[in-house]
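Shown next, in structure tokens, is the structure this report addresses.
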Amino acid sequence: DTEVTQTPKHLVMGMTNKKSLKCEQHMGHRAMYWYKQKAKKPPELMFVYSYEKLSINESVPSRFSPECPNSSLLNLHLHALQPEDSALYLCASSRDSTNQPQHFGDGTRLSIL
Amino acid sequence: AQSVAQPEDQVNVAEGNPLTVKCTYSVSGNPYLFWYVQYPNRGLQFLLKYITGDNLVKGSYGFEAEFNKSQTSFHLKKPSALVSDSALYFCAVNTPSNTGKLIFGQGTTLQVKP
């Protein structure tokens, strides 16, 4: 079992749908991350929240919209996605310094029809 | 620019033999180095890290890694491989000036055969 919980595990959506991915951690971590991962490739960083404020946006298209309602929760709102956005979306958390390991959830596998 | 290289796409070893998964890095400043493992349909699991101190770092599941500053390497090792070690392994680097942004290698698939 991982300490970072992601829901749903699988999501299929059309290009006009709106959906949200959710991530939760109760380790008291103050940094949270969204990654996109294609099969057999390394994760690609999308967003970083530090103390509930967005600190890094890796030039992600606006059809992806992150939200951090509190220190335990992280959402990724999806709208008008493209087929190339189909991937595994991973959430991670860490303590608030760069030398702390990131703890990953098991991801949401997203398929865009 | 910071980078991490894992020169082998796949490593094959027989169960019970020692294994090595290679990683080299290029950073400005002191590196923070990490190894992660990913099993099918799972997220990444943290194995071990080097921040400072002893060059030989011990981690989870009997894995260890040796930091070599002169060769800018951080190879992952295990004395005796298990079939259950078969997975995708990622080396990653961060630096004090690069808050929160891990740079990953391309990954190495480890196949351990009985």
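The analysis underlying the following values was restricted to heavy atoms, covering all of them including side chains, and did not include hydrogens, waters or symmetry mates. Predicted model only: the values in this text are computed from it and were never measured. In what follows, chains are A, B, ... by sequence order, proteins preceding strands, each numbered from 1.
Residue-environment remark: CG (B:D54) stays at or below the threshold of 12 foreign heavy atoms within 6.0 Å. The 12-atom threshold is exceeded at CE of A:M27, counting heavy atoms of other residues, nucleotides or ligands nearer than 6.0 Å. Within 6.0 Å of CG on A:N17 lie more than 12 heavy atoms contributed by other residues, nucleotides or ligands. Other residues, nucleotides and ligands place more than 12 heavy atoms under 6.0 Å from the NZ atom of A:K38.
When all heavy atoms of B:G105 and A:P42 are compared, the pair lying nearest together is O-CB, 3.3 Å. Considering all non-hydrogen atoms of both residues, B:R42 and A:L88 come closest at O-CD2, 4.5 Å. When all heavy atoms are compared, the tightest approach of A:L90 to B:G43 is CD2-CA, 3.9 Å. Summarising the geometry of A:K41 relative to B:F90, their closest heavy-atom pair is O-CZ, 3.5 Å, with the distance given to 0.1 Å. Here the closest non-hydrogen pair linking B:N41 and A:R109 is OD1-NH2, 4.1 Å.
Using cut-offs of 30° and 60° on the angle between ring planes, the pair A:Y35 and B:F104 is perpendicular.
Follow the hydrophobic side-chain contacts under 4.5 Å out from B:L88 and you reach A:F104 in the same cluster. Residues B:L19 and B:F74 fall within the same hydrophobic cluster, defined by Ile, Leu, Val, Met, Phe, Trp and Tyr side chains chained together at heavy-atom separations under 4.5 Å. Hydrophobic clustering (ILVMFWY, side-chain heavy atoms < 4.5 Å, transitive): B:V21 and B:Y39 are in one cluster. Taking hydrophobic clusters as Ile, Leu, Val, Met, Phe, Trp and Tyr residues chained together by side-chain heavy-atom distances below 4.5 Å, A:V60 does not share a cluster with A:V48. Under the 4.5 Å side-chain heavy-atom criterion for ILVMFWY residues, no single connected hydrophobic cluster contains both B:L56 and B:Y25.
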Legend entry - Candidate pair B:K101 and A:L45, rule side chain to side chain contact (heavy atoms under 4.5 Å, CB included), full reasoning: CA-CA 7 Å; B:K101 187 171 178 178; A:L45 183 65; 3.8 Å; yes
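When A:C91, A:P101, A:G107 are compared by the number of non-hydrogen pairs under 4.5 Å with chain B, A:P101 comes out ahead.
Within the model, atoms CG of A:D106 and CG of B:L44 stand 10.0 Å from one another, a figure rounded to the nearest 0.5 Å. Taking CD of A:Q100 as the start and CD1 of B:I51 as the end, the distance is 7.0 Å to the nearest 0.5 Å. Separating the CG atom in B:L102 from the OH atom in A:Y33 is a distance of 7.0 Å, to the nearest 0.5 Å.
Using a 4.5 Å cut-off between heavy atoms, A:Q102 touches chain B through backbone and side chain atoms alike. A:E44 does not touch chain B: none of its heavy atoms, backbone or side chain, sits under 4.5 Å away. Residue contact with chain A, scored on non-hydrogen atoms closer than 4.5 Å, is absent for B:Y50.
Contact residues of residues 61-69 of chain A toward chain B are absent (heavy-atom distance under 4.5 Å).
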